[in-house]
Number of protein chains: 2
Amino acid sequence: MSEKIIKNNKVSLLEVARAAGVSKMTASRVLRNEGGYSEQTRAKVMQKVDELGYLPNRLATVFAGDKTSTFVGVSIPDLGNEVFAQVLESIDRKLGAFGHQTVLGLTQHTLQEEENWIRTVLSWQPAGLILTGRYHSPRALEMLKNAGIPIVEIWDLNSSPLDMCVGINHFDSGFDMGRYLIGLGYRHVGYVGTSHDVANAASTRLSGFCKAIEGAGGSVVKQLCLHDTATFYPGFYGTEQLLGSTDGIECVFYQNDAMAFGGLQYCESRRMVVPDDIGIAGWGNLPIASVVGKRLTSVHVPHLKLGQAAAEMMMARLSDEPIARTRDIGFRLIPGATVRASDSR
Amino acid sequence: MSEKIIKNNKVSLLEVARAAGVSKMTASRVLRNEGGYSEQTRAKVMQKVDELGYLPNRLATVFAGDKTSTFVGVSIPDLGNEVFAQVLESIDRKLGAFGHQTVLGLTQHTLQEEENWIRTVLSWQPAGLILTGRYHSPRALEMLKNAGIPIVEIWDLNSSPLDMCVGINHFDSGFDMGRYLIGLGYRHVGYVGTSHDVANAASTRLSGFCKAIEGAGGSVVKQLCLHDTATFYPGFYGTEQLLGSTDGIECVFYQNDAMAFGGLQYCESRRMVVPDDIGIAGWGNLPIASVVGKRLTSVHVPHLKLGQAAAEMMMARLSDEPIARTRDIGFRLIPGATVRASDSR
DNA sequence: GGGACTTGAGTTACCCGTAACGCTGCTATA
DNA sequence: TATAGCAGCGTTACGGGTAACTCAAGTCCC
């Protein structure tokens, strides 16, 4: 089935050089536009490069110069979350514009997966790493410190990053949402999410949210943390579970917009009127929120800007330009129409 | 700011070997579990590996063995499209399970971007490539043929792939949707999409759709191809544009579900009743479709299975197991509630 | 006790580029 | 005319591993 496929018929620089009747070094110089050769020689070499379909072997280049590669390892928890997918997209675009390549790592929100991936990706001598989240396993931390390459931690702002950091303050974003809901007169609220791990941004948001609610005399009646993905359907049945088991909840805050949409659909399917009967607040401001009739109350995070900033910080560091170690990318609360308009107690 | 960071303080195998008082080769054997050493030697080497925090340099390994790496290049048009994001996710998970890494390439739906990326990624000696789409630039084709590595073309089924192929027949999926709508009595339909390029799957679907409609005496009154991304908002304003410029459209077929949702929202915002006043049909079956009150008429593509299959075909080929060259992953038309229930002319 | 085999190493060459240096022959200048 | 300078190109060594080979010492069997 694949006799020829296996054979490695790669053309090396030496073959190009021989075909052109020059030394390997001269061919190398031509290909790197280094100068030190005649126009005639250049033409001959380039002709052979074309004829033989020569593709340089970058492994050898990296190897020869004892440099790092143009790989940048990028770890992302999962791509089911649209926001992360778009962060990845903007990172990759920016890195690509600078001639760097993304080596992907999906950590499934676990530090162990991240550690395994870090070990592997470091063995490829990447130019740098971009990691989602500020929490890493002890062994991961040790490897990262020894790696001696630029590292950007994204998503969760961190005043003392391993190296560099860009993101938002999740505690504050939860806190602001809590205060906003309190300001609208909500006192008994619920939460639906999926994190059962304190070491992540969603938990941090929840902490901030609780602090704001409880600090103002309200109460987070129930926090539901499902063992599922943070997507539409869990939002749907999570809401059913929350409202079915607890009375008096006036408003529900969700881990993200996808879950909030699920909750919104659940409420509408049960003929509850949002926001009259119940308030719904999401987080992340998914694109779909802009077309749905009832604007979802949410928190906007400039995720494209976040990805771009991460890639830019990486590139700045790689070219030794001065750059701030941390950058707060900011967020914006979006009032929306899925919570009551003003205090109506 | 980063004096130490620049310095390359990597520990090499030679240093480990010296510290352990053995030759480089012996240390290499220990690390590869090759056998041919005493338990005592093994322990000594492993102890030094730990002490020095040695991480193997895989570039060197690949280089030395003149083998391919454990990289697999994966090209995806964009991650704004949830379906592609999830295909990528399932590919990466499966590859990861086999100890391979994904090098990402976002082609932005252009063959030129794909070609550039292919050139770069091939220079890293990847074990194989997974490419979205069956169309490639002439130079890309040449490089791919010379590369001598397994290639899986995904998404768009292709009876004569470069090497292997997994996907669905997009023409058929469009055709089936057309026939379905005809069967419900629709005769004058519209289309809203974003592709202005024949060389892609969306165009192929549209062709199939038109064939079915026109073959049955109906007509595709207007095909609107926006210069925008295939997301919610373009679906919204595209529908406005379509319905504003053309009378008598009974049903609209969209390039994908995101656009269809945008259209649905537009219709509802204008107090049009779906499906009584107008029918809406999407494609791709986004997760959100499962929670929205009115089930969107769509075509389900098993995208997770698609990604898995692609990775499995790649791995099978890499380990020289027999594997079918092409695999039709199938699709399923989802009737939904956004088109009329039966012929009601 | 001698030859064959096994065990546990070490040695050498090589993968494909690039840095550093060397060499040749021509030109410009004093 | 001597010499410095430089364009143009070649030679050598090297990076971090691994394949293939070699080799010494111990074991086994007849």
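Letters A, B, ... mirror the listed sequences (proteins, then strands); counts begin at 1.
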### Message
With a sphere of 6.0 Å drawn around CZ of Arg139(B), does it hold more than 12 non-hydrogen atoms of other residues, nucleotides or ligands?
### Response
no

### Message
By the 4.0 Å heavy-atom rule, please label Val22(A) as base, sugar-phosphate, or nothing.
### Response
sugar-phosphate

### Task
Let me know the distance between CG of Leu13(A) and C1' of dT18(C), rounded to the nearest Å.
10 Å

### Query
side-chain hydrogen bond (donor to acceptor under 3.5 Å, both in side chains) with Arg327(A): which residues, sequence neighbours excluded?
none

### Query
Between Thr132(B) and Ser75(B), is there a donor-acceptor pair closer than 3.5 Å when you use the side chain of the first and the backbone of the second?
yes

### Query
To the nearest angstrom, how far is Leu14(A) atom CG from dT18(C) atom C1'?
14 Å

## Note on the structure
With Leu157(B) as partner, the option from Asp328(B), Ile329(B), Val166(B), Ile168(B) fulfilling side chain to side chain contact (heavy atoms under 4.5 Å, CB included) is Asp328(B)

### Message
Under 4.0 Å, heavy atom to any atom of DNA chain D: which of residues 24-41 of chain A qualify?
### Response
Met25(A), Thr26(A), Arg29(A), Gly36(A), Tyr37(A), Ser38(A), Thr41(A)

### Message
Can you tell whether the side chains of Glu15(B) and Arg18(B) come within less than 4.0 Å, N to carboxylate O?
### Response
no

### Query
Is the count of non-hydrogen atoms from other residues, nucleotides or ligands lying under 6.0 Å from Glu39(B) atom CD greater than 12?
yes

### Query
How long is the line joining CG of Leu59(A) and C1' of dC14(C), in whole Å?
16 Å

### Query
Does Tyr54(A) place a side-chain N or O at less than 4.0 Å from the phosphate oxygens OP1/OP2 of dG17(C)?
yes

#### Entry: Length of the CG-C1' vector between Asn57(A) and dG17(D), whole Å
14 Å

### Message
Using heavy-atom distances to pick each residue's nearest nucleotide on DNA chain C, tell me which of Arg42(B) and Phe63(B) is more 5'.
### Response
Arg42(B)

### Atom-to-atom span, CZ of Arg18(A) to C1' of dC9(D) - whole angstrom
17 Å

